[in-house]
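What follows is a single structure, written as structure tokens, with notes after it.
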Amino acid sequence: MINLNSISHQYPKGQVIKFPDWNIEDKEQWLLMGVSGSGKSTLLNIISGLLRPTQGDVKFDDVNLYGLSAKSMDKFRGQKIGIVFQRPHLIRSLTVIENLEIAASMAGCKFDKQRIKLILNDLGLNEKQSSYPDELSQGQLQRVSVARALVNKPSLLIADEPTSSLDDNNTIQVLEMLTNQAQNNGAALIIATHDQRVRNHITKAYLL
């Protein structure tokens with residue numbers, strides 16, 4: 001599904017980081033692990049079509065990602081990739097369901113309200129559809145972020161450091177939520193982390 005070949009990236013100050021080749025198959029679940037500053041976020045941005053590598057190729061479902069025009073890239077990303085950022089980035093003036101609707105609209109996808117209601121119910125957010133972000137707890141905001149990432153039924157779900165500020169119990173809950181939602185929605189999963197506590201929960205690991 002995803003193939004990274006001979007990827008390297010040069011930072012503005014001249015530092016070059018080279019990434020090992022990586023093949024991710026449909027529905028596989030992976031950890032992207034490395035210490036802070038090792039290049040995890042850089043590689044996530046390259047995989048997501050947000051940062052063109054200095055060298056190398058990224059193929060996603062046999063599509064050369066960086067051979068696409070900017071407009072085609074945005075559409076491809078919106079339809080194929082769901083991203084759970086460290087911070088929710090929700091629109092504060094919109095309700096939960098409206099935030100999800102606009103995510104579908106921006107990607108040019110049909111909003112499947114029935115499916116989204118099932119996801120919200122599965123995430124324990126059924127009663128929060130009409131709530132605004134400022135009315136939600138941090139845990140609820142994170143779950144809305146997961147729902148938004150899944151809104152277009154992506155092939156790949158990416159989570160960037162989702163457990164970095166959590167205690168052990170909440171770390172387990174978040175990992176179970178991500179792995180279960182990826183599995184239930186037929187998506188591959190990449191969790192980028194430097195948190196060693198997650199090693200026992202996902203067997204495949206790409207190390208930087």
Side-chain angles (χ1 to χ4, degrees), residues 1-89 103 106-109 142 145-146 148-165 175 178-179 182 186-196 198-199 201-208:
M1 184 178 89
I2 302 171
N3 306 102
L4 276 68
N5 297 303
S6 304
I7 297 292
S8 65
H9 186 72
Q10 184 168 11
Y11 296 99
K13 292 185 179 180
Q15 179 188 0
V16 177
I17 183 168
K18 295 182 179 181
F19 299 100
D21 290 354
W22 191 6
N23 295 317
I24 302 167
E25 300 298 334
D26 286 352
K27 303 178 184 178
E28 285 188 340
Q29 298 189 354
W30 283 82
L31 296 177
L32 168 55
M33 299 200 72
V35 298
S36 296
S38 61
K40 296 189 302 297
S41 293
T42 297
L43 186 57
L44 282 188
N45 287 334
I46 289 171
I47 294 172
S48 304
L50 296 168
L51 178 66
R52 180 182 293 274
T54 306
Q55 291 184 332
D57 298 312
V58 179
K59 288 191 175 179
F60 197 127
D61 289 343
D62 293 324
V63 173
N64 183 356
L65 207 55
Y66 290 96
L68 298 174
S69 67
K71 184 177 181 179
S72 296
M73 174 80 82
D74 288 342
K75 183 176 181 180
F76 188 89
R77 184 190 309 112
Q79 294 175 349
K80 294 282 189 176
I81 304 171
I83 305 174
V84 183
F85 297 99
Q86 292 185 47
R87 296 183 180 181
H89 299 296
M106 290 176 68
C109 295
Q142 189 174 39
S145 295
V146 173
R148 183 182 58 183
L150 292 167
V151 72
N152 297 328
K153 203 168 184 179
S155 304
L156 174 65
L157 179 63
I158 291 174
D160 188 9
E161 298 283 4
T163 64
S164 58
S165 60
L175 289 171
L178 289 168
T179 55
L189 174 66
I190 298 174
I191 298 177
T193 184
H194 66 271
D195 187 346
Q196 293 296 323
V198 305
R199 287 297 298 267
H201 295 272
I202 296 179
T203 57
K204 293 181 181 293
Y206 177 96
L207 304 177
L208 292 178

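Along the sequence shown, residues are numbered consecutively beginning with 1. In what follows, every heavy atom counts, from backbone to side chain, and hydrogens, waters and symmetry copies are set aside.
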With D74, which residues qualify under salt bridge (Lys or Arg N to Asp or Glu O under 4.0 Å), at least two apart?
-> R77
Return all side-chain donor-acceptor pairs below 3.5 angstrom for residues 14-24, not counting sequence neighbours, or 'none' if the list is empty.
unit_1 : atom_1 : unit_2 : atom_2 : d
D21    : OD1    : S6     : N      : 2.8
N23    : OD1    : N3     : ND2    : 2.6

With sequence neighbours left out, which residue pairs that include part of residues 22-46 fulfil the salt bridge (Lys or Arg N to Asp or Glu O under 4.0 Å) condition?
-> E28-K204, K40-E161
To the nearest 0.5 Å, what is the distance between CD1 (I158) and CG (N45)?
-> 9.0 Å
Please check if the side chain of R148 supplies one atom and the backbone of P88 the other of a donor-acceptor pair under 3.5 Å.
-> yes
For residues F85 and D160, determine if any side-chain heavy atom of one lies less than 4.5 Å from a side-chain heavy atom of the other.
-> no
State, to 0.1 Å, how close H201 and L175 come at their nearest heavy-atom pair, and which atoms those are.
-> CD2-CD1, 3.6 Å
If you look only at pairs with a residue in residues 45-67, which of them pass as a ring pair (Phe, Tyr, Trp, His ring centres under 6.0 Å), with sequence neighbours excluded?
-> F60-F76
Under the 3.5 angstrom rule, does the side chain of S38 hit a backbone N or O of L208 as a donor-acceptor pair?
-> no
At what distance, to the nearest 0.5 angstrom, does CG of L156 lie from CD1 of I190?
-> 4.5 Å
What heavy-atom pair brings A188 and M1 nearest, and what distance separates the two atoms?
-> CB-CE, 3.6 Å
Return the minimal non-hydrogen interatomic distance between N152 and G78, and the atom names on each side.
-> ND2-O, 2.9 Å
Partner set under side chain to side chain contact (heavy atoms under 4.5 Å, CB included) for A159, not counting sequence neighbours = V84, P162, L178, I191
For D195, enumerate each residue passing the side chain to side chain contact (heavy atoms under 4.5 Å, CB included) test, keeping only those at least two apart in sequence or located in another chain.
-> T163, T171, T193, R197, V198
Do the non-hydrogen side-chain atoms of I202 and L189 ever get within less than 4.5 Å of each other?
-> yes
Option from K80, K59, M73, R52 for which side chain to side chain contact (heavy atoms under 4.5 Å, CB included) with L65 holds | M73
CD1/I7 to CG/D57 distance, rounded to the nearest 0.5 angstrom?
-> 6.5 Å
Distance (rounded to the nearest 0.5 Å) between I46 CD1 and H9 NE2 | 6.0 Å
Looking at CH2 of W30 and CD1 of I2, how far apart are the two atoms once the value is rounded to the nearest 0.5 Å?
-> 11.0 Å
Atom of P154, atom of G82 and distance for their closest heavy-atom approach = CB-N, 3.6 Å
